[in-house]
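A quick write-up on the structure given underneath.
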Amino acid sequence: MSLPRRVRMVEVGPRDGLQNEPAPVALQDRIALIDRLSAAGLPVIEVASFVSPQAVPQMSDAAAVLSGIKRRPGTTYPVLVPNRKGLEAALAAGATEIAVFGSASETFSQRNINCSIAQSLERFAEVAASALPRGLRIRGYVSCVAGCPYEGAVALEKVAQVAGSLQDLGCYEVSLGDTIGVATAGQIHNLIRRVAERVPREQLAVHFHDTYGQALANILAALEEGISVVDSSVAGLGGCPYAPGASGNAASEDVLYLLNGHGIETGVTLDALVDAGNFICQRLGRQSGSKVARARGAGCASA
């Protein structure tokens, strides 16, 4: 299958990345990061999650983040909500798009959101029943699509079932997440072919962690299967507190470099994206997880 001519990059660093930090990042730095990402031309930036501040203190100022950013025309700013309470808080803060987060692993679902898969879908149905009539768009996530830190291998049929259920609830798009980064390209080909029997490819996205260094290879495999939406995190920020050993997400800078190399349009500017990643890494006091950012920092910008 030929590669897509255009790919929509979904930036998850301000939410999925920063919520994994050991301490909350200063509000002004989170806002500044999002504004830099907007200026880079990213079409989707997931900015925060409206969850319990006791459970995820890194996201306790989600409303202030949403109200403080400069919204760029053409960019959407979704927020994660786990339940009806989170939805109401997101609406009060001015959210126009939300995301819900399920799992293809029963054990991971219990450890991550304290309920079974079936119970999570019931919660999401309640959220959708309230959100959709108010004009909000809903994006769905399925975690552990290639493996679970507690159960090991996850059946493709289970992934397809959960993805299909999210679509049935009204999610316009379902992102397939390799939460612990164990997948290889061959597995991704098989996964997408199976899930696409239930959810059309044009409604699927991919979300890969780079634990085993396979994220870019897996993204290319997804592109070969006709997927044209890719999640990534600036500077490779992220991980998963409920998945021991899981490393950061695929770095947005590296993903963009791959896409540029194949002549795939994104509307995102690499230099500005690298600058945004360097900015937040300076604030965090550590080196970027992006290979591209490191190479350019070493004087390899012309490569």
Side-chain angles (χ1 to χ4, degrees), residues 1-13 16 43-44 103-105 139-149 152-164 166-167 173-234 236 238-240 243 245-266 268 270 289-292:
M1 184 177 292
S2 61
L3 300 180
R5 296 180 59 184
R6 187 175 183 88
V7 162
R8 176 158 50 90
M9 293 182 66
V10 177
E11 173 60 49
V12 300
D16 191 26
V44 184
S103 175
S105 158
R139 190 175 198 248
Y141 286 99
V142 183
S143 62
C144 294
V145 300
C148 170
V154 174
L156 299 184
E157 178 60 30
K158 193 65 177 180
V159 179
Q161 288 175 357
V162 176
L166 289 173
Q167 183 199 36
E173 185 171 274
V174 178
S175 179
L176 305 176
D178 181 14
T179 309
I180 56 175
V182 296
T184 58
Q187 290 176 285
I188 296 306
H189 283 290
N190 292 333
L191 171 70
I192 292 173
R193 290 169 188 171
R194 177 62 191 90
V195 177
E197 296 174 2
R198 183 64 175 79
V199 180
R201 282 175 167 84
E202 57 268 24
Q203 289 183 258
L204 293 175
V206 290
H207 182 126
F208 296 123
H209 286 235
D210 203 33
T211 311
Y212 283 80
Q214 301 300 300
L216 290 182
N218 291 338
I219 288 171
L220 184 56
L223 298 177
E224 291 171 346
E225 288 295 328
I227 303 303
S228 60
V229 183
V230 177
D231 297 0
S232 60
S233 177
V234 68
C240 180
S247 64
N249 294 281
S252 301
E253 302 93 320
D254 301 355
V255 173
L256 180 57
Y257 190 83
L258 170 71
L259 298 175
N260 286 349
H262 284 280
I264 297 173
E265 299 175 3
T266 63
V268 184
L270 182 58
S290 160
K291 298 290 195 302
V292 168

> How many angstroms lie between atom CG of Leu223 and atom NE2 of His262, to the nearest 0.5 angstrom?
Replying inline: 7.5 Å
>> Show the nearest heavy-atom pair for residues Ser103 and Val162, with the distance to one decimal.
In response: O-CG2, 3.7 Å
>> Taking Gly248's backbone N and O only, do any of them form a donor-acceptor pair with Asp210's side chain (distance below 3.5 Å, no angle check)?
In response: no
> For Glu197, what residues pass the salt bridge (Lys or Arg N to Asp or Glu O under 4.0 Å) criterion, not counting sequence neighbours?
Replying inline: Arg194
>> Using modelled atom types and a 3.5 Å cut-off, is there a donor and acceptor pairing between side-chain atoms of Asn218 and backbone atoms of Ala183?
In response: yes
>> I'd like to know if the side chain of Glu173 and the backbone of Ala205 have a donor-acceptor N/O pair within less than 3.5 Å.
In response: no
> For Glu253, which residues count as a side chain to side chain donor-acceptor pair (under 3.5 Å) partner, sequence neighbours excluded?
Replying inline: none
>> Suppose the criterion is salt bridge (charged side-chain N to carboxylate O under 4.0 Å, His left out): which pairs have a residue in residues 176-193, not counting sequence neighbours?
In response: Arg193-Glu225
>> Checking Glu224 against Leu3 for the side-chain contact (heavy atoms from CB on, under 4.5 Å) test, could you report, in this order, the C-alpha distance in whole Å, the side-chain angles of both residues, the deciding distance, and whether it holds?
In response: CA-CA 5 Å; Glu224 291 171 346; Leu3 300 180; 3.8 Å; yes
> Does a side-chain N-to-carboxylate-O contact under 4.0 Å join Arg139 and Asp231?
Replying inline: yes
>> Run His207 and Asp16 through side-chain contact (heavy atoms from CB on, under 4.5 Å) and show every step you take.
In response: CA-CA 11 Å; His207 182 126; Asp16 191 26; 3.3 Å; yes
>> Taking Pro200's backbone N and O only, do any of them form a donor-acceptor pair with Glu202's side chain (distance below 3.5 Å, no angle check)?
In response: no
